Enquirer: 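Attaching a single structure in structure tokens format; questions to follow.
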Amino acid sequence: MNNQRSLFFNVDWFIILTYLTLCIIGWFNIHAAVYDPMNPSIIDLDTNYGKQLIFIISAFIIGFAILLFDNKFFNTFSPVFYGITILLLVLVLIIGRNVGGNQAWIPIGSFRLQPSEFAKFATCLLLARYLSSGTIKVQEFRTQITAAFIILLPTALILLQPDAGSALTFSSLILVLYREGLSGYFLVIEGLSIVLFVLTVLYNKYVVLVGVIALAATLIYFYRKSRKSLTIIGSGFIFSVLFIFSVDFAYNKILKPHQKNRIDVILGKVNDPRGIGYNLNQSKIAIGSGGLWGKGYLQGTQTKYDFVPEQSTDFIFCTVGEEWGFAGCFLVISLYLFLLIRIVNIAERQRSSFSRIYGYGVASILFFHVFINIGMTIGLIPVIGIPLPFLSYGGSSLWSFTILLFILLKFDSNRMGII
């Protein structure tokens, strides 16, 4: 009994309070986004907002159930969790239901399970187990290959659905590897890859190639006396050339038309606010029309008349902007910033490397979702179909983020003296 009291005394209630606040904000905004005058009650179980209430209550029960487990349970069974999610990702390709062009859901009665959401916490657990085991060093090539395999296996299966948004989420785990000692060169490579991708899409690949050759020649001239620098420059040049041609091939031969259109709109290649740029244009109108304090709860015209597609899921932030204005957006973003900073602090104060690595996995996944989702609604990033944690409608995403967060809270609850 004393252990149970100690458990709930030591749990980080600031995190739980922030979590509940975001869930409640999401619930009210889902109510506004899909409001039905024939079913006005926010607890009407025949509506999406009524169902979201059930998801929130069940998620909270799942979260507190996690706190009752022993820490060793998650470390010991992390390969099992990972294996189950991999099997589900294979299964969804066989019997999954196709929604919006993605075969990402397994129908279970009236509920649809999305395995890709649960793969996130399972991957974080197995990655933490591997990197914290024995004398593993991230600087070693063998370790990097194994870690990459753990991350890329679910990524590849999710790409087959095809769900590029969810697949891209796993790329954020490079931050975990960096925290554990991965060379900063890999982050530089990732940044350069983004720049080369944009330039290759905007301009002819041969024009970009000429620019890379000119840059490499300049660097070789200045660093011609350093063999190490020349090796790095040469490797970077080869990578850049291969990447440029890969991007050109993927953009023209692999990406679907709607994916190319989204990228073209963001990069300014196409200006079609009534066609392929409709979603983004309506999203920006909705957020901008909210002004400082918003139009008021259930008073948003963009929201009320369904101008923004998927407004209860991927574009839920539009409802916040229109009905609660800049003040509401500032509050939501502040809550996310507090949550992320708190999670990083929790990760850093862990006594075991397994808990610390997992904590950084949680922070990376949540940061990616928040940054990408809000960024796409305001036109900074191409439209990618990923939910806003704890706000977007959906049982799978809410349960997955809850499990992701509460496992970390369980690890931290064994410490004395919550900061």
Side-chain angles (χ1 to χ4, degrees), residues 74 77-108 111-131 143-177 190 193 197 246-247 249-251 253-256 258-260 262-263 313-314 357-358 361-362 364-369 372-373 382-387 389 392 394-404 407:
F74 299 103
F77 287 92
S78 57
V80 177
F81 295 141
Y82 185 83
I84 291 173
T85 56
I86 293 300
L87 288 176
L88 288 173
L89 288 173
V90 173
L91 187 63
V92 77
L93 296 173
I94 302 171
I95 66 169
R97 179 178 296 177
N98 193 301
V99 179
N102 296 334
Q103 191 166 320
W105 289 267
I106 297 176
I108 304 175
F111 178 73
R112 295 179 304 185
L113 182 72
Q114 189 174 5
S116 59
E117 292 294 334
F118 298 95
K120 295 167 188 174
F121 82 84
T123 302
C124 287
L125 281 174
L126 187 62
L127 184 65
R129 175 188 169 99
Y130 172 68
L131 294 178
T143 301
Q144 295 169 7
I145 292 297
T146 305
F149 178 79
I150 292 172
I151 296 170
L152 292 177
L153 178 57
T155 303
L157 291 172
I158 294 170
L159 280 173
L160 292 175
Q161 295 177 1
D163 185 358
S166 295
L168 282 172
T169 302
F170 291 84
S171 66
S172 65
L173 294 177
I174 192 175
L175 297 175
V176 178
L177 300 177
E190 190 169 6
S193 298
F197 176 85
S246 298
V247 168
F249 176 79
Y251 181 78
K253 303 295 183 180
I254 297 179
L255 289 183
K256 294 185 176 181
H258 73 276
Q259 294 172 325
K260 292 172 60 177
R262 290 172 179 176
I263 295 172
T313 53
D314 299 342
I357 295 167
Y358 177 78
V362 175
S364 299
I365 295 291
L366 289 178
F367 170 76
F368 184 90
H369 270 269
I372 296 298
N373 184 280
V383 176
I384 299 173
I386 60 173
S392 293
S396 292
S397 64
L398 180 58
W399 293 340
S400 172
F401 287 127
T402 299
I403 294 170
L404 189 74
I407 289 176

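Everything quoted here is computed from the prediction, not taken from an experiment. What you see below is based on every heavy atom in this structure, not just the backbone, and it leaves out hydrogens, waters and symmetry mates.
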Enquirer: Under a 4.5 Å cut-off applied to non-hydrogen side-chain atoms, are T85 and P115 in contact?
Expert: no
Enquirer: Got a second to check how far L91's CG is from I84's CD1, nearest 0.5 Å?
Expert: 12.5 Å
Enquirer: What orientation do F81 and F77 show, parallel under 30°, tilted 30 to 60°, or perpendicular over 60°?
Expert: tilted
Enquirer: Search all heavy atoms of I158 against all heavy atoms of S116 and return the closest pair with its distance.
Expert: CD1-CB, 3.7 Å
Enquirer: For the atom pair NZ (K120) and CZ (F401), what is the distance rounded to the nearest 0.5 Å?
Expert: 4.5 Å
Enquirer: Which heavy atom in P79 sits nearest to a heavy atom in R129, and how many Å separate them?
Expert: CG-NE, 3.8 Å
Enquirer: Are any non-hydrogen side-chain atoms of T155 and T169 less than 4.5 angstrom apart?
Expert: no
Enquirer: Mind running side chain to side chain contact (heavy atoms under 4.5 Å, CB included) on Y358 and I407 for me, showing each step along the way?
Expert: CA-CA 9 Å; Y358 177 78; I407 289 176; 3.5 Å; yes
Enquirer: With rounding to the nearest 0.5 angstrom, report the CG to CD1 distance, L88 to I106.
Expert: 5.0 Å
Enquirer: Any donor-acceptor pair under 3.5 Å linking the side chain of Q103 with the backbone of L93?
Expert: yes
Enquirer: Within this structure, what is the OG-CZ distance for the pair S396 and F118, rounded to the nearest 0.5 Å?
Expert: 4.5 Å
Enquirer: Just wondering, do L152 and F170 contact through their side chains at under 4.5 Å, heavy atoms?
Expert: no
Enquirer: Would you compute the distance between atom CG of L127 and atom CG of L173 and round it to the nearest 0.5 angstrom?
Expert: 6.0 Å
Enquirer: So, for Y82 and F149, which heavy atoms are closest and what is the spacing to 0.1 Å?
Expert: OH-O, 4.0 Å
Enquirer: Mind checking whether Q161 and S166 have side chains closer than 4.5 Å, heavy atoms only?
Expert: no
Enquirer: Mind listing the closest non-hydrogen atom pair of N373 and D314 along with its distance?
Expert: ND2-O, 3.0 Å
Enquirer: Looking at every non-hydrogen atom in both residues, tell me the closest pair between S397 and S392 and how far apart they are.
Expert: OG-O, 4.5 Å
Enquirer: Would L177 and L131 count as a side chain to side chain contact (heavy atoms under 4.5 Å, CB included) if you check the C-alpha gap in whole Å, the side-chain angles of each, and the deciding distance to 0.1 Å?
Expert: CA-CA 9 Å; L177 300 177; L131 294 178; 3.7 Å; yes
Enquirer: Parallel, tilted or perpendicular: which describes the rings of W399 and F111, with under 30° parallel and over 60° perpendicular?
Expert: tilted
Enquirer: Less than 4.5 Å apart, any side-chain heavy atom of L126 and any of Y130?
Expert: no
Enquirer: Less than 4.5 Å apart, side chain to side chain, heavy atoms only: is that true for P387 and H369?
Expert: yes
Enquirer: Quick one, I365 and C124 - any side-chain contact, counting heavy atoms below 4.5 Å?
Expert: yes
Enquirer: Which distance, rounded to the nearest 0.5 Å, do you find between the CG of L160 and the CG of L89?
Expert: 10.0 Å
Enquirer: For a quick test of reading the model, state the closest non-hydrogen atom pair linking S172 to F368 and the distance between them.
Expert: CB-CB, 3.8 Å
